[in-house]
Protein chains: 2
Amino acid sequence: MHGEFRPGESLTLRGIGKMFDVSMTPSREAVRRLVADGGLILSASGRVSTPELSNERIEELASIRALIEPELASRALPRAHIALIERLQTINGTIAEMVAKHDDVGYIRANLEFHRTLYLRAQAPAMLALTETVWLQLGPTMRALYARLNRTEVPHNHRLIVAALRAGDEPGLRLAVRSDVTGGLRMLTV
Amino acid sequence: MHGEFRPGESLTLRGIGKMFDVSMTPSREAVRRLVADGGLILSASGRVSTPELSNERIEELASIRALIEPELASRALPRAHIALIERLQTINGTIAEMVAKHDDVGYIRANLEFHRTLYLRAQAPAMLALTETVWLQLGPTMRALYARLNRTEVPHNHRLIVAALRAGDEPGLRLAVRSDVTGGLRMLTV
DNA sequence: TTCCTGCGTTTGTGATCACATTCGCGCGCA
DNA sequence: TGCGCGCGAATGTGATCACAAACGCAGGAA
């Protein structure tokens with residue numbers, strides 16, 4: 001999910017086991033879970049690798065994000081106290097640090113934390129879980145994107161999201177979230 | 001997904017293994033996969049059971065269906081030839097049979113097949129997979145519902161869906177799908 | 001009757017093994 | 001130089017085992 005693996009990277013059960021000092025059994029269970037969620041793909045012969053998404057698939061996943069995430073943001077809006085908004089601004093600060101350090105994985109992690117922090121307020125665990133499933137599928141691909149473009153600042157849409165939250169502007173919030181979600185992924189499709 | 005298990009039913013790895021004449025290992029992997037998708041829940045001590053959904057959770061899952069499924073139907077609409085529409089009507093016939101036989105599991109299975117057949121035309125595999133994840137979570141609960149109410153005919157909304165497809169009526173299709181999806185689940189919340 | 005306490009049984013966990021399949025690299029041939 | 005064949009290494013699969021934890025039922029105390 002955080003882009004620690006590149007698209008198409010292949011993994012082995014024994015290798016994963018060594019990473020975490022466990023035997024093959026726990027590796028297999030973890031892999032099975034990730035495969036179920038689309039975070040890893042299983043070849044016909046049972047080999048495991050990170051997904052290499054086609055452009056169509058990327059667009060589809062972006063559509064799903066554009067469908068669900070504005071809804072989550074909208075549900076979070078009535079419950080967004082000032083403490084939450086400040087927390088989001090702090091995370092934006094972290095994002096700025098990651099941009100400065102050119103830490104791609106850190107950037108993705110902080111970016112997703114921004115969204116998750118907001119959506120947690122929606123009190124919609126199943127919807128959030130579904131969204132995280134989509135993030136999981138996009139992880140390796142997002143890494144490939146952010147490594148390519150050279151960001152200089154925090155995404156503009158994050159500031160728009162915070163502003164809309166402050167103003168209680170529901171349509172503005174939906175639009176800002178939608179733009180933030182589709183904006184980054186649009187440049188993924190080569 | 002098809003409601004073969006009641007909500008809160010508990011399963012054991014060794015028991016599942018016996019069902020399919022395999023050892024614990026394949027059972028564990030299958031269970032892990034279903035747990036990842038929310039089709040089964042894992043207690044703190046590792047015991048496995050089917051989920052007993054709260055009313056809030058049922059409403060949330062219904063919202064997700066109401067959000068995604070009209071989108072899938074809408075994407076399928078331009079590609080819905082006459083052959084597809086006839087296939088949907090055939091499935092409606094199967095549903096009528098299941099109603100007559102009071103076969104709850106068969107009813108759920110045919111009902112989901114109706115939706116899946118339509119959505120497959122949307123050419124959106126990730127979106128369909130997400131939707132099936134939701135169906136999976138609702139499976140045991142749907143069984144509990146359909147066993148309770150005594151249906152006498154095919155759901156009216158299924159006929160509306162077919163009519164909207166024939167007419168190429170996109171707003172009507174979205175509405176019919178949305179009604180079909182939320183209608184059944186509304187009476188679940190006791 | 002109700003609650004608590006033990007204890008035997010059931011259950012999940014992680015490790016390990018044998019085996020069939022597949023991969024990938026190098027050799028040899030054209 | 002390019003292509004196909006073959007063999008050894010690597011990999012996933014399913015089974016089994018030892019062990020610790022949890023469960024659930026029975027018996028006893030209040």
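Order of the sequence lines sets the chain letters (A, B, ...), proteins ahead of strands, with each chain counted from 1.
Contact annotation: B:Ser23 reaches the phosphate of D:dA15 (side-chain N/O to OP1 or OP2, under 4.0 Å). In this structure, B:Arg32 reaches the C:dT13 phosphate: one of its side-chain N or O atoms is under 4.0 Å from OP1 or OP2.
Counting non-hydrogen atoms under 4.0 angstrom, A:Thr12 reaches the backbone sugars and phosphates but no base. Across all strands, A:Ile16 comes closer than 4.0 Å to no nucleic acid atom at all (heavy-atom distances).
Rounded to whole angstrom, the span from the CD atom of A:Glu29 across to the P atom of C:dG12 amounts to 11 Å. Summarising the geometry, the separation between CZ on B:Phe20 and P on D:dG14 is reported as 14 Å, rounded to the nearest angstrom. Per the geometry, CZ belonging to A:Arg33 stands 13 Å off P belonging to C:dT13, to the nearest Å. A straight line from NZ of B:Lys18 to C1' of D:dT16 spans 14 Å, rounded to a whole angstrom. Remark: P of C:dC17 and CG of A:Leu13 are 17 Å apart, rounded to the nearest angstrom. Atom CG of B:Leu11 is separated from atom C1' of C:dT10 by 15 Å (rounded to the nearest Å). For A:Arg14 and C:dC23, the CZ to P distance is 15 Å, given to the nearest whole Å.
A continuous path of Ile, Leu, Val, Met, Phe, Trp and Tyr side chains, each step under 4.5 Å between heavy atoms, connects A:Leu67 with B:Tyr119, placing both in one hydrophobic cluster.
You'll find a donor-acceptor pair under 3.5 Å spanning the side chain of B:Thr25 and the base of D:dA15, going by distance alone. In the interface, the side chain of B:Arg28 is not paired with the base of D:dG14 through any donor and acceptor atom under 3.5 Å apart.
One finds no salt bridge joining B:Glu52 and B:Arg57 here, because no Lys/Arg side-chain nitrogen approaches an Asp/Glu carboxylate oxygen to under 4.0 Å.
Between A:Val22 and B:Gly46, the one whose closest nucleotide on DNA chain C sits nearer the 5' end is B:Gly46.
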Audit row: B:Glu113, B:Arg87, salt bridge (Lys or Arg N to Asp or Glu O under 4.0 Å) steps and yes/no: CA-CA 10 Å; B:Glu113 193 192 341; B:Arg87 189 130 38 98; over 6 Å; no
Test side chain to side chain contact (heavy atoms under 4.5 Å, CB included) on A:Arg75 and A:Glu71; report intermediate values, then the result. CA-CA 6 Å; A:Arg75 289 177 182 226; A:Glu71 176 69 22; 2.9 Å; yes
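Closest to the side chain of A:Arg47, from the set D:dC23, C:dT22, C:dT13, is C:dT22. The side chain of B:Pro26 lies closest to D:dA15, out of D:dT16, C:dC23, D:dA15. Between D:dG12, D:dG14, C:dC23, one nucleotide has an atom nearer to the side chain of A:Val48 than all others, and that is D:dG12. Distances were taken from every side-chain heavy atom of A:Met24 (C-beta onward) to each of C:dC23, C:dT13, D:dT13; the shortest belongs to D:dT13.
Using modelled atom types, one finds a donor on one side chain and an acceptor on the other under 3.5 Å when comparing A:Ser74 with A:Glu170.
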